[in-house]
Amino acid sequence: MDKVLIIDDNSSIVSALEILLSLHDLQPLCAITPQAGLQLLRENSDVSLVIQDMNFTADTTSGEEGKELFFAIREINPDLPIILLTAWTQLEMAVELVRAGAADYLGKPWDDNKLISTINNLLELGELQKRQQASQQQALNARSQLREDFLLQDIIYRSDKMQKLLEMATQVAKSEVPILITGPNGAGKEKIAEIVQANSSSKEGPFIKVNVGALPEDLMEAELFGAEPGAYTGASNRAREGRFEAADGGTLFFDEIGELSPSGQVKLLRVLQTGEFQRLGSSQTRKTKVRVISATNRDLHKAIEEGKFRQDLFYRLNVIELRLPPLHERPEDIPPLAMSFLAESGNSKKLSPQALNALTRYHWPGNVRELQNVMQRAAVLSQEDTIDEAVLALPEQTPSDKVEVSFEPSRELLQETLSNCNGIIAQAARELGMSRQALYRRLEKHGIPY
């Protein structure tokens with residue numbers, strides 16, 4: 001049963017409210033002076049809502065006493081919803097306190113149905129905020145714990161999707177099974193491979209990266225397996241060590257594995273099956289122990305159907321699949337990434353609320369790599385300490401590119417936006433891309449006066 005604190009010097013009003021609340025399964029706590037009300041609040045930390053009068057001294061109508069009580073309650077519990085009971089003579093003061101964070105005000109005499117409806121709505125909103133805060137704290141704790149337990153290679157993220165991906169990546173890192181990282185270009189697949197390697201049992205061994213898409217077909221075999229002197233036209237007079245030999249006892253990362261030629265797929269499959277290979281121009285069989293991590297932006301299932309990728313090789317590479325979502329699917333990661341890229345540029349420039357909103361709502365076809373490029377360019381071109389939306393020069397998006405994102409602005413962004421808009425709610429709501437009602441709810445949630 002939710003506790004509601006009533007503070008009013010009129011005993012008749014207190015009794016009426018006490019009966020009304022009790023009839024609606026609410027537990028009333030009553031006080032007839034501000035001092036007694038504040039003491040009850042200190043003794044009952046589980047109070048869910050306060051209903052307070054605006055005047056407590058006879059022949060006083062200024063509302064100054066109610067104002068003082070309001071801010072005293074705020075000092076004890078900044079997030080507690082407060083309903084003001086006021087006569088028309090204190091309407092101006094009540095409006096001022098609503099702007100300062102009061103939940104609502106009702107004139108005397110009040111409408112019982114409206115009062116109960118307001119109370120229930122505020123209690124429901126408060127419960128929702130508590131669950132959200134608990135969920136946010138739980139997510140923060142999980143991120144902190146993951147960073148404490150594993151080497152995350154300074155990866156920057158805030159989204160639940162990345163948290164789940166990294167939890168899985170660190171979980172499977174200790175095993176020796178091959179891992180396939182899938183996701184679009186520029187999303188950070190190589191960074192995930194680095195995290196797997198850093199937490200693997202072979203982390204002290206070499207970490208060799210191979211860009212398969214950049215390997216010439218005629219040199220692919222020599223690059224991967226090595227070559228004896230003079231094994232091919234233009235070959236060195238010295239024996240050449242291949243990538244598998246170089247990675248022995250460590251990790252071999254194949255980027256763009258979907259671009260591997262058919263003949264290359266056959267040769268790679270054999271090494272993965274047996275751990276054996278021969279240098280080009282040699283009949284000597286060599287053995288290697290290598291952990292293989294692959295990455296691709298291609299749909300390998302489709303490539304298999306089209307006969308462009310071997311199914312048996314796919315199963316060898318894809319014992320564990322880590323899917324890296326595109327940046328537009330994790331908009332929570334955009335602000336911290338953007339700030340990090342700005343910091344890397346060596347200056348202390350900040351992003352305006354409009355710029356941050358534009359970054360969050362852009363589709364990012366080039367993913368993290370594109371975001372990095374945009375921030376580096378903006379840091380150079382901006383002549384002000386604050387980077388605005390125009391400096392970002394984001395490309396126009398077609399309707400098919402635009403995506404709806406669930407973006408929850410931080411307390412800092414809300415405060416900065418409201419300040420930049422001179423406290424004009426309608427303008428701030430437009431800047432943040434939300435309705436005025438949605439903005440009011442978030443301002444109340446964070447206890448921001450407006």
Enquirer: Taking Leu180 as the fixed residue, which of Ile257, Val319, Ile320, Val292 is the one that meets the side-chain contact (heavy atoms from CB on, under 4.5 Å) rule?
Expert: Ile257

Enquirer: What I want to find out is whether Glu245 reaches Arg279 closely enough, with some N-O distance under 4.0 Å, to be called a salt bridge.
Expert: yes

Enquirer: Hydrogens and angles aside, do Asn357 and Arg361 bring a side-chain donor and acceptor to less than 3.5 Å of each other?
Expert: yes

Enquirer: I'd like to know if Lys349 pairs up with Glu384 as an ion pair, taking the criterion as any Lys NZ or Arg NE/NH1/NH2 lying under 4.0 Å from an Asp or Glu carboxylate oxygen.
Expert: no

Enquirer: Can you find a heavy atom in the side chain of Lys114 that is under 4.5 Å from one in the side chain of Thr118?
Expert: yes

Enquirer: Could you tell me if Thr170 and Asn199 have a donor-acceptor pair between their side chains, going purely by distance under 3.5 Å?
Expert: no

Enquirer: Between His301 and Phe314, is the gap from one ring center to the other below 6.0 Å?
Expert: yes

Enquirer: In the structure I gave you, are the side-chain heavy atoms of Leu317 and Leu272 within less than 4.5 Å of one another anywhere?
Expert: yes

Enquirer: Charged N to carboxylate O below 4.0 Å: is that the case for Glu276 and Lys287?
Expert: yes

Enquirer: How long is the gap from CG on Leu5 to CD1 on Ile73, to the nearest 0.5 Å?
Expert: 6.5 Å

Enquirer: To check you understand the geometry: which heavy-atom pair defines the closest contact between Ala102 and Leu84, and what is its length?
Expert: CB-CD1, 4.0 Å

Enquirer: Check Asp46 with Lys3, please: is the shortest side-chain N to carboxylate O separation under 4.0 Å?
Expert: yes

Enquirer: Assess, by modelled atom type and distance only, whether the side chains of Gln163 and Glu167 contain a donor and an acceptor separated by less than 3.5 Å.
Expert: yes

Enquirer: Cut-off 3.5 Å, side chains only: do Thr182 and Glu321 have a donor facing an acceptor?
Expert: yes

Enquirer: Sort out for me which residue in Val196, Ile195, Leu322 forms a side-chain contact (heavy atoms from CB on, under 4.5 Å) with Leu166.
Expert: Ile195

Enquirer: Do the side chains of Glu332 and Arg143 get close enough for a salt bridge, i.e. N-O under 4.0 angstrom?
Expert: no

Enquirer: Write down the atom of Ser175, the atom of Val177, and the distance for their closest heavy-atom approach.
Expert: OG-CG2, 3.2 Å

Enquirer: Please say whether more than 12 non-hydrogen atoms of neighbouring residues, nucleotides or ligands are located less than 6.0 Å from NZ in Lys203.
Expert: no

Enquirer: Would you say Asp333 and Ser159 are linked by a side-chain donor-acceptor pair, where the criterion is simply a distance under 3.5 Å?
Expert: yes

Enquirer: Is there a side-chain contact between Lys130 and Glu127 (heavy atoms, below 4.5 Å)?
Expert: yes

Enquirer: Is it true that the side chains of Asn141 and Gln137 contain a donor and an acceptor less than 3.5 Å apart?
Expert: yes

Enquirer: If you round to the nearest 0.5 Å, how far is CG of Leu414 from CZ of Arg442?
Expert: 8.0 Å

Enquirer: With rounding to the nearest 0.5 angstrom, report the NZ to CZ distance, Lys189 to Phe253.
Expert: 7.5 Å

Enquirer: What pair of heavy atoms forms the shortest contact from Ala187 to Arg330, and how long is it?
Expert: O-NH2, 3.2 Å

Enquirer: Do other residues, nucleotides or ligands put more than 12 heavy atoms under 6.0 Å from the CD atom of Gln138?
Expert: no

Enquirer: Measuring only between side-chain heavy atoms, which start at C-beta, is Val98 closer than 4.5 Å to Tyr105?
Expert: yes

Enquirer: Are Phe341 and Val368 packed together at the side-chain level, in the sense that at least one heavy-atom pair is separated by less than 4.5 angstrom?
Expert: yes

Enquirer: Using only atom types and a distance under 3.5 Å, with no angle test, would you say the side chain of Gln278 pairs donor to acceptor with the backbone of Ser283?
Expert: yes

Enquirer: For Gly186 and Asn367, work out which heavy atoms get closest and say how close.
Expert: O-CB, 3.4 Å

Enquirer: If every non-hydrogen atom of Asn113 is compared with every non-hydrogen atom of Asp111, which pair is closest and at what distance?
Expert: N-OD1, 2.9 Å

Enquirer: Is a salt bridge present between Glu194 and Lys209, judged by a nitrogen-to-oxygen distance below 4.0 Å?
Expert: yes

